[in-house]
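In what follows, a single structure is set out as structure tokens and then discussed.
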Amino acid sequence: MPEFSLPPQYDASSVESALYQRWLEAGVFTAHVDSPKKPYVIVIPPPNVTAVLHMGHGLNDTLQDAIIRFERMRGRETLWLPGTDHAGIATQNVVEKLVAAEGKTRFDLGREAFVQRVADFVSQTGAVILDQLKTIGCSCDWSRTRYTLSPELSRAVREVFVRLWEEGLIYRGHRVIHWCPRCLTALSDEEAEFHETSGNLYYIHYPLADGSGQVTVATTRPETLLGDTAIIVHPKDPRGARYIGKRALLPLTGVEIPILADESVDQEFGTGFVKVTPAHDANDFEVGVRHHLEMPLVMTEDGKMGDSGKREAGSGKRVPPELEGLDRFEARKKIVKMLEAQGLLAKVESHQHAVRRCYRCDSIVEPRLSDQWFVKMKPLAEPALEAFRKGEVRFVPERWETTYVQWLEGIRDWNISRQLWWGHRIPVFTCTKCKHQWADRVDPTRCPKCGGPVTQDPDVLDTWFSSCLWPFSTLGWPDQTPDLEHFYPGHTLVTAPEILFFWVARMIMSGIHVMKKVPFHTVYLHGTVRDTKHRKMSKSLGNGIDPLDVVRLYGADALRWTAIAGVSIGSDLILDNEDLEATFAPGRGFANKIWNIGRFILSQLPDQVIPVETLPRSSLTVEDRWILSRSQTSITSVTEKMAAFRLDEAAKDAYEFVWGDLADWYIEASKPRLARNDATAQSILAYCFDIALRLLHPIVPFITEELWGKLPGRRNGELLAAAEWPAPNQGLIDSGAIDDPAVRRRPVDSGAWDDFARFVQRVIIGIRAIRATYQVPSNEVLKFDVVDGSKLPIQLLTNSRDLVRRLAGAELELGCSRGAKNIAGIGQTLGDGSLVKVPLEGKIDLDAGCKRVLKDMDRLEKQLAALSARLANQQFMSNAPPEVIDRERVKETTWTAQLGLLRQQRATLGCA
RNA sequence: GGGCGAAUAGCUCAGCUGGUUCAGAGCGCCUGCCUUACACGCAGGAUGUCGGGGGUUCGAAUCCCUCUUCGCCCACCA
């Protein structure tokens, strides 16, 4: 048999890429619209075109792959749709840096050349990450790879934009938005992230215009005072009464501003007087609107002090020459100094507050008055809330549901225009002659109203505008393609909670609005990958682990094992970047274990084995029936847990079955029978290993595929990736047992579980412990006796005589303990009151034995005392359910017997 | 300021709807084994007042309250 030539150590790197190639060639990942199977669809969270595979993807995509492989094996027509996101602002930043390295800016190149430059860059880097996904085994349908900026998807983006425009849901808003002075673009609320920052609160005197005194305001941003157009105070604030209606002089410039009453002031904070800068603060803007204030901009787009009326009407010069062109933070320092010099700085307090930063470049965002395109969100959010309330979409884990609901309930209009060049150009056109403005599906050559020349809006759309159409734009929408027909709506979305608002909620809204259906019914939100200090893994922190390194050193299955088994649902995945061995060796070890189990089994099996369900019951040994029983309960539990997205538990159950039960017990037990070519043992071994490989395949696809193809009857090129998920074998189970929740955790197959686990396994484990404790040489065969119980264990142990001799090195010999001097007992009773006694004359390490006996006695006495107290408790007896009381009674009996045995041992050993 | 999550063995974590899988797993540690599938292994073993304090209950790691410590999300106190 060629299997003998398999090396004892599994070398993942030598087989993985070939296996992946076989999957591709067999087309098992390709979804078919004409399939009679029910579809199951996952769309990938499209990685940015600039991204390379990192651990976050490792986790995200492994989870998706496990789910999709499971569903594929379960008989669904699975589509895992891959693709990339053009990532407007992020990609533009990357290329701008490249251009900067040449000493240029994008403005030097000009829009067209720069966009071409980015497109060239993307054509080189864009597909890299998708290729990397193959190294970790992702079973994506590569024939359907999509890209958010492709012509097809761009058409979908434009169609949605125009529809929203026609529905009146897109409007031009004049207000204070978040402006990134480095990226030179507006940002949405979500893109301007809060960061706790320690800053100062500056108290500044504003002299009254009539010279009758001064008012003092508190601000964290003194540089904005140049743009102040009012001071407000709460109408009920007694401190303000005598100032309301007066006018104050703006320090440094002497501009006169009114002091007004406004209820938005929090009287508890600061001085009660608030400076109002309508063009550089969202609240102040509201105040400005209420009081019809002027709204001068006092900073340029790149965050320098300067009168800037490019997009907005200002009100004359506000910035004094000595501050002109100064960076806003330099200006802050200088202004503070100037105020101090003039005696207008009352005091400075340190102050903790949240500052918004650009999510792409980390610059402090500048609130700035400007004109932007907005989407009215309320009409979109309502149906999304409704869909959730009707149960059309659910979140796993459930706790994200409130987050989702609260965000939608408090939703604000979405600023979708970006002053960038890389992205979908906003299809809004303006006639330069008659000023008619409209959105168009095709580029117009002239104004439809007056025939005049037209210009297109220079801005591009927020990159998330296209991302949120992903579940249907990727399927061919707006055309009614067969794909769209068949694969929309999808089923599960797997992503990180960080983009719940950016992406998930917006996909739900757009799906409902455009397609009239929620794009997926389950949102699985997994955790974040962090290091042992619980810091997010990131390139900038240098605490990352490169998944490609892990694949190279430990294999893709090891990476996947850690990502799946190492973390429970929705919690963070903590990885030790300084100890890769501790982090990934368990997965490699497991793959190696499977490999060697396979190596052994393959060396034992003939070309054909008997189907297990045709084996006559009477020919089965107790361990046969036990492992078959275990195989059935494993199928049930792994299936249930996979279906419930408890992938970690599913993985551990399958692990326990193949390693803990099949390898450690069944294989060891059946070696003598296999040596005699026992067809029953061969059949059972083949069956159980086949089940194990199938159950494990979604988690560790490579090693399982590699071995499955070598099993008898599978050597015809069939692929496990396309094989069926195991179902309970009706020929093996007691009818109804597997479906009855009441016995779900109970053994099937006539109590074989109990028979083997409680009597045979327990005796073997017990005798092994005795051998170790008393240092009995390994070549010495012990005798043991079973007393005080029913006939059952004696019968079972008699039947399993060879097994016990092999695995425990002991022979059952009834009556051998009678009159024996030194007797050890196994640490447990067998559940029916039986005690196992092992005579040890002349073989005893007395000290070790006594230590052991005394320790066991101590533990047992304490447990027994607590138990007796419970049974003596009147309230326990009357309140506890009868089966609990029964169990406690049985415990009391067996423990008492056990304690008796220990006392006997103590006496015969002569322990102190 | 609101909301959420976490705190269990040296480390990373399981323990679902309160009572034999209830104190667990993997790694690490100790002891003995190269028992021809596997030393990336086998067998045995040590280690925990289940964050503190209250409460509910016959019974709590598990439910409730509270405190402490971490983490995350949201939020227009300048």
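This one's a predicted model, so the numbers in the text were calculated from it and none came from an experiment.
Atom CG of A:Asp281 is separated from atom C1' of B:C76 by 7 Å (rounded to the nearest Å). Rounded to an integer number of Å, the gap from NE2 of A:His195 to P of B:C72 is 11 Å. Here B:C4 presents its C1' atom at 15 Å from CZ of A:Phe395, a figure rounded to the nearest Å. Rounded to whole Å, the distance from CG on A:Leu500 to C1' on B:C72 is 13 Å. One interatomic measurement links the two molecules: CD of A:Glu286 to P of B:A78, which rounds to 16 Å at whole-angstrom precision. The separation between A:Gln875 atom CD and B:U56 atom C1' is 14 Å, rounded to whole Å. Here the P atom of nucleotide B:G2 and the CH2 atom of A:Trp407 are 24 Å apart, to the nearest Å. Rounded to an integer number of Å, the gap from A:Glu498 CD to B:C4 C1' is 15 Å.
For the pair A:Arg412 and B:A75, the criterion of a side-chain N or O lying under 4.0 Å from OP1 or OP2 is met. Between A:Arg646 and the phosphate of B:G15, there is a side-chain N or O to OP1/OP2 separation shorter than 4.0 Å. At the phosphate of B:U12, neither OP1 nor OP2 sits under 4.0 Å from any side-chain N or O atom of A:Thr562. Taking 4.0 angstrom as the limit, A:His353 places none of its side-chain polar atoms (N or O) nearer than this to OP1 or OP2 of B:C76.
Distances from the side chain of A:Ala354 to the nucleotides B:A14, B:A75, B:C27 place B:A75 closest. Taking only side-chain atoms of A:Glu196, from C-beta outward, the nucleotide of B:A78, B:A75, B:G19 with the closest atom is B:A75. For A:Thr403, whose side chain is taken as the heavy atoms from C-beta onward, the closest listed nucleotide among B:G3, B:A78, B:C73 is B:C73. Distance from the side chain of A:Asn283 is smallest to B:C76 among B:G15, B:A78, B:C76. When distances run from any side-chain atom of A:Glu649 to the nucleotides B:C13, B:G15, B:A78, the shortest one goes to B:G15.
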Legend entry - Bracket notation of RNA chain B in which parentheses pair within the strand, [ ] cross earlier pairs, and | pairs with another strand (Watson-Crick or G-U, under 3.5 Å): (((((((..((((.....[....)))).(((((.......))))).....(((((..]....))))))))))))....
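Within 4.0 Å (heavy atoms only), A:His280 reaches no atom of the nucleic acid at all. No engagement by A:Pro497 is indicated, since no non-hydrogen atom pair under 4.0 Å with the nucleic acid exists. Using a 4.0 Å heavy-atom distance criterion, A:Phe501 is classed as a sugar-phosphate-only contact. Within 4.0 Å (heavy atoms only), A:Arg806 reaches no atom of the nucleic acid at all. Using a 4.0 Å heavy-atom cutoff across all strands shown, A:Ser571 reaches sugar-phosphate atoms only and no base atom.
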Inset, instruction - Report, as a single string ordered 5' to 3', how protein heavy atoms within less than 4.0 Å touch nucleotides 28-43 of chain B: B base, S sugar-phosphate only, - not at all. - result: ---------BB-BSSS
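A donor atom on one side chain and an acceptor atom on the other are not found under 3.5 Å apart for A:Asn873 and A:Arg870. Side-chain atoms of A:Arg221 and A:Thr224 form no donor-acceptor pair, as typed in the model, at a separation below 3.5 Å. Counting only N and O atoms by type, the side chains of A:Tyr554 and A:Glu581 include a donor and acceptor under 3.5 Å apart. A donor and an acceptor atom, one from each side chain of A:Gln875 and A:Ser878, are nowhere located under 3.5 Å apart.
Of the possible polar contacts, one joining the A:His280 side chain to the A:Pro367 backbone as a donor-acceptor pair under 3.5 Å is found.
Using C1' as the reference atom, B:A25 and B:C67 are 32 Å apart when rounded to the nearest Å. If you take atom C1' in B:C40 and the same atom in B:C50, they sit 32 Å apart, rounded to whole Å. Taking atom C1' in both B:G28 and B:U36, the straight-line distance is 30 Å, to the nearest Å. Taking the C1' atoms as reference points, B:U12 lies 23 Å from B:C4, given to the whole Å. Going from the C1' atom of B:G3 to that of B:A75 covers 10 Å, rounded to whole Å.
Positionally, the nearest nucleotide of RNA chain B for A:Arg399 lies more toward the 5' end than for the other of A:Glu656 and A:Arg399. For the pair A:Phe194 and A:Leu573, nearest-nucleotide mapping onto RNA chain B gives the more 5' position to A:Leu573.
Residues satisfying the side chain to side chain contact (heavy atoms under 4.5 Å, CB included) test with A:Thr893, not counting sequence neighbours, are none. In terms of the side-chain hydrogen bond (donor to acceptor under 3.5 Å, both in side chains) criterion, A:Gln406 has no residue partners (sequence neighbours excluded). For A:Asp653, the side-chain hydrogen bond (donor to acceptor under 3.5 Å, both in side chains) partners are A:Ser637, A:Lys641, not counting sequence neighbours. Here A:Pro586 pairs with nothing under the side chain to side chain contact (heavy atoms under 4.5 Å, CB included) rule; sequence neighbours left out.
Remark: A:Arg356 qualifies as a cation-pi partner of A:Phe194 under the 6.0 Å distance and 45° angle criteria applied to the six-membered ring.
The ring-ring contact (aromatic ring centres under 6.0 Å, His included) test with A:Trp626 is passed by exactly one of A:Phe756, A:Phe657, A:Phe759: A:Phe756.
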